[in-house]
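Below is one structure; the comments refer to it alone.
Every number for a ligand or one of its atoms is a count from 1 in the order of the listing.
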Amino acid sequence: MKRFFVCVALAAVLAAVPAFAKKTYVNGIDPNYPPFAYVDEKTGQPAGFDVDSMTWIAKHMGFEVTHKPLAWDGIIPALLAKQIDMVDSGMSITPERAKMVQFSEPYWTVSRVFVVPADSKLTPKDILSQKIKLGVQRGTSEANAIKKEQEAKGYPFELRFYDSAPLAVEDLLNGRIQAALMDELPADDAIAHGRAVKKAGTHGVPDQFGVAMRKDDKELHKLVNEGYKKLMADPYWKELQKKYLNK
Ligand code: ARG
């Protein structure tokens, strides 16, 4: 018994010494991007495919992680300002972002889709050739891509910007916009949760998701890449896909 207490006391002392304490990294997440990252309504806790992935990786790579909900549009500035250390939250690897941050190896690929009300007849061709209102999430790769494409090709739609994909879905349902462009999984998530919308078709090339980190954070970069490799070789990776992505 006495030995037990000595051990506990020793562990407590060691944990308080910086060299022995586990490092804590903060993962910035979009609170409203199911199924990759969100704040669970019932528990009030961060959840999702990416949140659980990084929690597992931290546990198996010997660091602590906390998940901090932030506005998506300001998430890279928050990373550069060291309010957070990484973004594992359905972030597409893009050349524009790669100028500011470094990405992990890609861990997931998603298509971009047009979402319309369930009773809509709009096709992707209609969406690109009519004077409709098209919703996108502010600060996303798809918002930037479609804006550029519109400038180059002169599409007649009017772009409307939202703080989250679910907010765009709400405006689709109340008729403020006629279509929205988003990643396929959030669209599937809205449909699975009984929102009366459907996918009208895919658009553009698929995106690859990666974890964003500051360029000088070599240590974390290594932990994250090795951690994902480990996770992908573990049965838990399939479990997560089943739980969150219906795969
Ligand atoms: N894939 C798009 C992007 O990287 C949309 C991501 C939105 N993800 C999120 N967690 N809000 O910009």
Query raised in the report: Counting both backbone and side chain atoms, is some N or O of S141 under 3.5 Å from an N or O of ligand 1?
Result: yes
Query raised in the report: Is ligand 1 under 4.0 Å from a heavy atom in the side chain of F209, in the backbone, in both, or in neither?
Result: side chain
Report task. Within a distance under 4.0 Å of any heavy atom of D183, pick out the atoms of ligand 1 and give their elements. Result -> 1 (N), 2 (C), 5 (C), 6 (C)
Requested in this report: Before accepting this row, confirm whether a basic side-chain N of the pair K147/E149 lies closer than 4.0 Å to the acidic partner's carboxylate O.
Outcome: no
Requested in this report: Tell me which protein heavy atom sits closest to atom 2 (C) of ligand 1, plus the residue, atom name and distance to 0.1 Å.
Outcome: E142 OE1, 3.1 Å
Report task. Determine, for E96 against K148, whether the closest basic-nitrogen to carboxylate-oxygen distance falls under 4.0 angstrom. Result -> yes
Query - Verdict with reasoning, Y228 to W56, per ring pair (Phe, Tyr, Trp, His ring centres under 6.0 Å) - result: CA-CA 9 Å; Y228 262 103; W56 188 97; 9.3 Å; no
Requested in this report: Identify whether the distance between the nearest side-chain nitrogen and carboxylate oxygen of K23 and E219 falls below 4.0 Å.
Outcome: yes
Query raised in the report: When you check the side-chain N and O atoms of Y244 and D50, is any donor under 3.5 Å from an acceptor?
Result: no
Query raised in the report: Do any heavy atoms of F36 fall under 4.0 Å from ligand 1?
Result: no
Query raised in the report: What class does the angle between the rings of F49 and F36 fall in, given that below 30° is parallel, 30 to 60° is tilted and above 60° is perpendicular?
Result: perpendicular
Query raised in the report: If only atom types and distance count, is the side chain of Q102 paired as donor or acceptor with the main-chain N or O of R214 below 3.5 Å?
Result: yes
Report summary line: A student checking ligand 1 against M91 at a 4.0 Å heavy-atom cut-off should list atoms 4 (O)
Query raised in the report: Quick check: does any side chain N or O of Q150 sit under 3.5 Å from a backbone N or O of F157, one acting as donor and the other as acceptor?
Result: yes
Query - Nearest protein heavy atom with distance in Å, relative to atom 10 (N) of ligand 1 - result: S89 O, 2.6 Å
Query - Heteroatom proximity flag, D30 to ligand 1, N/O under 3.5 Å - result: yes
**Report entry** Carboxylate-amine/guanidinium proximity below 4.0 Å for K199 and D188
**Finding:** yes
**Report entry** Region of R112 engaging ligand 1 - heavy atom pairs below 4.0 Å
**Finding:** neither
Report task. Report the nearest protein non-hydrogen atom to atom 1 (N) of ligand 1: residue, atom name, distance rounded to 0.1 Å. Result -> S92 OG, 2.6 Å
Query raised in the report: For ligand 1, is any non-hydrogen atom under 4.0 Å from M182's backbone (N, CA, C, O), its side chain (CB onward), both, or neither?
Result: neither
Query - atom 6 (C) of ligand 1 [closest protein heavy-atom partner, distance rounded to 0.1 Å] - result: G90 O, 3.1 Å
Query raised in the report: Taking only heavy atoms of Q137, which atoms of ligand 1 are found under 4.0 Å from at least one of them?
Result: 7 (C), 11 (N)
